[in-house]
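Below, read A as the first sequence line, B as the second, and so on, with proteins coming before strands; counting in each chain starts at 1. Small disclaimer: the values here were computed from a predicted structure and weren't measured.
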Amino acid sequence: MKSKDLLEKNKINIWPEEKIERFRLTLLTWYDENKRDLPWRKTSNPYYVWVSEIMLQQTQVDTVIPYYNRFIATLPTISDLAEASEETLLKLWEGLGYYSRVRNMKVAAIQIQNDFDGIFPKNHKDVLTLKGIGPYTAGAVTSIAFNQAHPAVDGNVMRVLSRLFEIDLDISKASTRKVFEQIISHLIDPVRPGDFNQALMDLGATICTPKNYSPELSPVKEFNASYINETWRKYPVKKKKNKVTEQTFYTLMIKKEDGEYLYEKRPKKGVLSGMYTPIMIEQGTLREKGWKLFNEDGSYKNSAEELEQNIEDIYNLKVRIKDQPKGIIKHVFSHLKWEMIVFEALLLEDNAQIKDLKWIHKDQFDQEMFPVPTQKVNKLVDTLTLF
DNA sequence: AATACGTGGCT
DNA sequence: TAGCCAAGTAT
């Protein structure tokens with residue numbers, strides 16, 4: 001669909017040129033005086049801008065800063081990234097979440113070596129071919145690093161614009177982003193497109209916030225139709241999320257006498273792919289159909305014998321499991337909740353032939369990459385009483 | 001088009 | 001607290 005059709009269809013009236021120019025000036029003046037001092041704003045190196053934009057996906061600025069500094073200090077060039085091992089990369093990303101982001105960055109770095117002579121491409125279409133770079137990130141990097149007038153529409157921008165123009169479209173729908181990109185293509189400052197995009201995001205992050213929003217404090221309130229019409233509480237329109245799936249796992253900290261603990265590498269697909277967790281058995285998937293560790297009244301059964309039998313059947317490991325759980329750990333993902341009922345166990349006999357098992361000494365925990373649920377379980381190690 | 005994919009902060 | 005929210009992308 002042509003851009004004009006897209007805006008007309010949604011009854012969005014773009015301002016006259018004179019008003020657009022006043023808006024640019026007002027926004028950029030505010031930005032120049034109020035922009036946040038962020039490490040990636042000290043450079044226009046496209047590699048650094050790229051790293052920051054990937055880290056900032058669905059992640060708050062304060063969380064990203066230390067990760068960003070460590071990442072570029074460790075891997076200062078694109079070729080460093082292309083040659084880095086998966087373990088190095090995951091350790092640098094440990095705790096940030098959405099780990100496919102860093103795996104994709106390595107793929108993209110190799111793409112840059114192979115397809116673009118090792119130099120980050122300037123052409124917007126070329127940038128979009130890079131793994132892990134979608135419409136937002138392509139617009140952000142080309143506008144910020146190369147000063148090209150491409151929209152960079154993220155959640156902030158959609159929230160700001162939906163309030164400015166009283167847009168009723170559901171911002172949680174993928175198709176909606178294109179409408180906002182059309183608006184930006186009209187508004188964006190042709191001289192300072194990178195600053196314009198960042199100004200809109202800063203405005204969304206600091207003033208035009210999701211909660212505790214006070215439109216009268218905005219530097220662009222005179223342009224804000226929802227403020228003028230007192231409809232600002234309606235925007236943005238966003239569909240509520242569905243409830244997340246809840247899963248309960250019997251989680252085993254299996255220990256050897258020498259202080260090593262057993263971990264299992266997760267499958268290549270799915271949540272926390274390729275990362276290590278303790279042995280986890282989902283409640284309801286045990287061999288004994290319907291077997292549970294709890295009595296009907298919610299109290300614990302006084303024996304983990306059946307769980308031991310399942311471990312032997314599945315892993316060829318003979319273990320002695322302590323009867324009472326060591327603790328219950330809850331971890332919330334974006335799309336599911338885990339409840340981990342943690343038991344300590346002692347290895348009696350190891351006939352395992354599954355290669356994705358790994359013994360790790362507790363003194364080595366700091367050197368290993370663990371996802372946060374595993375880190376939470378690991379914290380219980382110091383409290384283990386053993387047998 | 002809808003869903004999978006982490007984590008931490010805030011109310 | 002349970003739910004929402006944060007500079008999205010891949011499939």
Value in whole Å for how far the C1' atom of C:dA10 lies from CG of A:Leu128: 14 Å
When you check the side-chain N and O atoms of A:Thr88 and A:Ser85, is any donor under 3.5 Å from an acceptor? yes
Above 12 or not: heavy atoms from other molecules or residues under 6.0 Å from CD of A:Glu257? no
State plainly whether the residues A:Asp195 and A:Arg41 are in salt-bridge range, i.e. N to O under 4.0 Å. no
Using whole Å, what does the distance between atom P of nucleotide C:dG8 and atom CD1 of A:Ile171 come to? 11 Å
Under-3.5 Å donor-acceptor pair between A:Tyr136 side chain and C:dG8 base: no
Selected nucleotide, minimal atom distance to A:Lys211 side chain, candidates C:dC4, C:dG8, B:dT7: C:dC4
Which parts of residues 26-46 of chain A get close to DNA chain C, meaning a heavy atom less than 4.0 angstrom away? A:Arg36, A:Leu38, A:Trp40, A:Arg41
Over how many whole Å does the gap from A:Lys173 atom NZ to B:dT3 atom C1' extend? 15 Å
Whole-Å distance, A:Ile54 CD1 to C:dT9 C1', equals 9 Å
Phosphate oxygens OP1/OP2 of C:dG3: is one of them under 4.0 Å from a side-chain N or O of A:Lys240? no
B:dC5 and C:dA6, which share atom name P, separated by this distance in whole Å: 22 Å
Picking from B:dT7, C:dA10, C:dT9, which would you name as closest to the side chain of A:Pro135? C:dT9
For B:dT3 and A:His335 - does any side-chain N or O of the residue sit under 4.0 Å from the phosphate oxygens OP1/OP2? no
Expressed in angstrom and rounded to an integer, what is the separation of A:Trp50 atom CH2 from C:dT9 atom P? 13 Å
For A:Ser172 and for A:Gln375, locate the closest nucleotide of DNA chain B by heavy-atom distance; then report the residue assigned to the nucleotide nearer the 5' terminus. A:Ser172
Closer than 4.0 Å, any side-chain N/O of A:Arg101 to the OP1 or OP2 of C:dA10? no
Ion pair A:Lys322/A:Glu305, N-O distance below 4.0 Å: no
Would you say B:dT7 has OP1 or OP2 under 4.0 Å from some side-chain N or O of A:His331? yes
Checking all strands, does A:Gly204 fall into the base, sugar-phosphate, or nothing category for heavy-atom contacts under 4.0 angstrom? nothing
Take atom OH of A:Tyr98 and atom P of B:dA4, then tell me their distance rounded to the nearest Å. 11 Å
Considering non-hydrogen atoms only, spot the tightest contact between A:Ile65 and A:Pro39 and give its length. CG2-CG, 4.0 Å
With A:Ile78, the side-chain contact (heavy atoms from CB on, under 4.5 Å) member among A:Ile112, A:Ile110, A:Val51, A:Asn45: A:Ile112
Of the non-hydrogen atoms in A:Ile341 and A:Pro325, which two are nearest, and what is the gap between them? CG2-CB, 3.8 Å
What is the separation between atom CZ on A:Phe333 and atom C1' on C:dG3, rounded to the nearest whole Å? 17 Å
Does A:Lys376 have a side-chain nitrogen or oxygen under 4.0 Å from the phosphate oxygens OP1 or OP2 of B:dT7? no
What's the closest nucleotide to the A:Tyr99 side chain, out of C:dT9, B:dG6, C:dC5? B:dG6
So ring-ring contact (aromatic ring centres under 6.0 Å, His included) across residues 128-180 of chain A, not counting sequence neighbours, yields A:Trp15-A:Phe165, A:His124-A:His150
Between B:dA4 (P) and A:Lys269 (NZ): distance, integer Å: 14 Å
In residues 57-96 of chain A, which residues come under 4.0 Å of DNA chain C by heavy atom? A:Gln57, A:Gln58, A:Gln60, A:Val61
Should A:Lys42 and A:Asp37 count as an ion pair when the cut-off is N to O under 4.0 Å? yes
Counting only distance, no hydrogens or angles, is the base of C:dG8 paired donor-acceptor with the side chain of A:Thr137 under 3.5 Å? no
First of A:Asn242 and A:Pro371 reached from the 5' end of DNA chain B, by closest nucleotide: A:Asn242
Measure from NZ or CZ of A:Lys256 to the centre of the six-membered ring of A:Trp359 and say whether it is under 6.0 Å with the direction within 45° of the ring axis. yes
Sugar-phosphate, base or nothing in reach of A:Ser175, heavy atoms under 4.0 Å: sugar-phosphate
Which of C:dA6, B:dG6, C:dG3 is nearest the side chain of A:Lys243? It is C:dG3
Consider only side-chain N and O atoms of A:Thr231 and A:Glu166, and report whether a donor and an acceptor are under 3.5 Å apart. yes
